[in-house]
Amino acid sequence: MTVEVTPSTFTYVYFDSAYISRIAQRLIGLFHLENHNIRIDVNETTPLAKMHIEFGDPIVINIQSGAFEDFSRPRQQSEPATTQSLGRILLKVRDRLSPEFANAPADEDLTLVQVAIWETYCVARLSRHDIDINRQRWLYNFRNRHGFNDASDRAFEKIWNSNDLTWEQLQSISDTAIALVQ
Amino acid sequence: MRKFFPVEDLARDERFNQITMDDRMADQRTAITTDSRPSRAANRIVPSRGDASDAARGLMHGIFVGEIQALEGAGRTCWDFTTGEEAPFELKLDMARQCWDEARHVEISIKLSDWMGSEIGEYAENTVLFQAACSNDPVLRLAGVNRALEGLAIDVFTTMKEFGEVAGDQYLEFAEDWMLADEVTHVKMGSDWLRKITENDPERRKKALDFQSVVDKLFSYGGTRSESQESPIGLARRFRELAGFDDQEIDVIADLSLAALEERKAAVLEAQAAHN
């Protein structure tokens with residue numbers, strides 16, 4: 001297993017590639033992804049926080065700099081933000097590599113609702129690894145995609161408390177919540 | 001009690017980290033894209049944006065710290081000037097009413113931030129609003145804070161109200177609508193007092209309007225607010241009219257904002273070329 005972070009030296013932000021690499025290695029161990037080579041490409045020209053995976057050897061994770069940033073100290077790296085963002089995307093990598101998620105649409109075909117359910121599922125599992133997560137933030141994100149109602153909150157709870165869902169099960173929880181209020 | 005309080009001495013606890021406009025301008029990154037495809041270029045904070053809830057949380061925190069500084073600024077205007085000689089009693093009464101409104105807005109903003117999953121101090125506090133409230137002429141403060149900054153607040157609250165409306169978040173929609181009504185009143189106060197105090201002093205009026213223009217330009221930095229969908233915050237023409245702006249004044253702000261956006265896009269292209 002190798003972990004590479006690019007760029008090795010940052011010019012727009014005060015990030016540390018070795019630090020990012022150490023955090024990534026810890027998470028890779030936690031999620032049993034040691035058999036894969038991973039490269040993390042940080043786009044430091046934007047403060048946005050989008051992330052994208054390209055499968056191959058290595059698996060390439062494209063991350064915009066906002067995903068690792070301490071928003072209270074612009075351009076500085078945040079250890080919790082780096083851990084949460086890498087944790088979320090690495091759990092998604094693990095899901096994509098598993099047969100349970102074989103039928104999940106490609107990233108570019110995911111709807112905003114599908115992105116929200118998958119992110120909720122990733123963040124919830126991350127929180128059970130002793131990683132500090134603001135649950136309300138993700139509930140708000142989920143409500144934005146499923147509606148501000150009880151059916152949406154019940155769906156969120158179900159996903160939040162689950163560990164072994166398939167893509168079809170995730171999708172079904174979401175569909176049920178949306179159908180109930182239509 | 002001390003008069004004319006400097007921005008560096010504002011009281012904050014350890015949760016807050018303050019930055020200046022210089023700090024913001026030193027950040028060469030930009031969320032403005034040079035990709036002209038409609039799906040890529042739209043930055044407006046709307047629910048259909050991929051990072052909608054995070055973008056709304058960040059803006060909500062900006063509103064929260066802005067409300068604190070607006071409270072501090074209006075409070076200083078009540079105290080810094082001698083009643084009758086430097087500022088009429090009725091103007092101070094309006095500023096006291098504004099303090100009351102801003103204090104309520106701070107509390108509403110904290111509750112909305114909790115609701116949206118943000119923590120106090122999660123984002124940096126830009127202190128430029130209070131800096132605009134440090135002028136030694138009350139008329140300049142009214143122009144810079146009540147007309148320029150509270151005018152921006154009208155744009156921000158309208159954007160957030162519409163966000164809540166489209167997303168189905170009634171708490172956000174109604175709370176923003178109520179605060180928006182107050183902001184329209186604050187801007188109207190600024191417009192009315194500016195006209196009244198400078199009625200027979202065209203030079204002072206010009207100076208105040210020039211100062212407002214500088215503050216407007218500062219807050220248009222980077223194209224954050226304009227009528228283009230490329231800007232995160234829109235320009236709320238209708239509510240600005242209600243607040244006492246005439247069409248020509250709104251057009252000037254619209255042009256200024258659009259120019260700032262184009263300026264930023266050109267700077268991005270230049271920076272990207274240098275980087276590659």
Side-chain angles (χ1 to χ4, degrees), chain A residues 7 10-15 42-52 64-76 78 80-81 84-85 107-108 110-116 119-120 123 132-149 152 156 178 181, chain B residues 14-19 23-34 43 46-58 60-62 65 112-126 163-164 166-173 222 232 268-269 271-272 274-276:
Chain A
F10 293 91
T11 49
Y12 287 74
V13 290
Y14 304 107
F15 289 4
V42 182
N43 177 357
E44 57 170 337
T45 64
T46 172
L48 296 177
K50 289 180 194 156
M51 301 190 284
H52 177 71
Q64 296 179 334
S65 69
F68 291 166
E69 188 174 11
D70 178 350
F71 293 127
S72 69
R73 290 170 179 74
R75 293 188 288 160
Q76 303 288 336
S78 153
Q84 288 163 17
S85 297
D107 275 2
E108 54 273 26
L110 287 170
T111 64
L112 292 173
V113 172
Q114 288 172 327
V115 170
E119 290 222 307
T120 301
V123 171
D132 195 24
I133 297 289
N134 185 335
R135 184 179 177 279
Q136 186 67 22
R137 170 188 169 192
W138 296 99
L139 175 59
Y140 190 73
N141 184 55
F142 194 86
R143 285 169 169 166
N144 262 300
R145 302 302 178 212
H146 286 81
F148 289 76
N149 53 63
S152 167
F156 177 84
I178 291 171
V181 289
Chain B
E14 68 285 350
R15 289 173 296 180
F16 292 82
N17 184 52
Q18 298 182 328
I19 59 164
D23 295 327
R24 195 180 157 206
M25 287 175 175
D27 188 348
Q28 292 298 309
R29 299 172 302 160
T30 181
I32 304 283
T33 171
T34 51
N43 281 310
V46 288
S48 56
R49 196 170 130 164
D51 62 347
S53 57
D54 281 342
R57 288 187 322 109
M60 192 64 238
H61 195 277
V65 292
L112 283 175
S113 291
D114 279 348
W115 165 249
M116 297 165 90
S118 302
E119 286 164 22
I120 291 175
E122 187 174 336
Y123 300 85
E125 177 187 9
N126 190 327
F163 183 100
V166 175
D169 179 354
Q170 294 189 341
Y171 290 120
L172 182 66
E173 181 191 350
V268 171
L269 278 173
Q272 282 174 350
H275 191 65
N276 297 330

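None of these values were measured; they are calculated from a predicted model.
Listed by chain and number, the residues in a ring pair (Phe, Tyr, Trp, His ring centres under 6.0 Å) with F142(A) are H146(A), F156(A) (sequence neighbours excluded). Partners of A116(A) under the side chain to side chain contact (heavy atoms under 4.5 Å, CB included) rule, at least two apart in sequence or in another chain, are N141(A), R145(A).
Using a 4.5 Å cut-off between heavy atoms, D114(B) contacts chain A through its backbone alone, with no side-chain atom that close. When heavy atoms are compared at a cutoff of 4.5 Å, E69(A) approaches chain B solely by way of its side chain, counted from C-beta outward.
Taking the six-membered ring where tryptophan is involved, the planes of Y140(A) and W115(B) are perpendicular, since the angle between them exceeds 60° and thus also 30°.
Note on Y171(B), F16(B), F163(B): by heavy-atom pairs under 4.5 Å with chain A, the leading option is F163(B). Contacts with chain A were tallied for H61(B), Q28(B), E122(B); E122(B) has the most, counting heavy-atom pairs under 4.5 Å.
Residues N144(A) and D169(B) form no side-chain contact, since every pair of their non-hydrogen atoms from C-beta on lies 4.5 Å or further apart.
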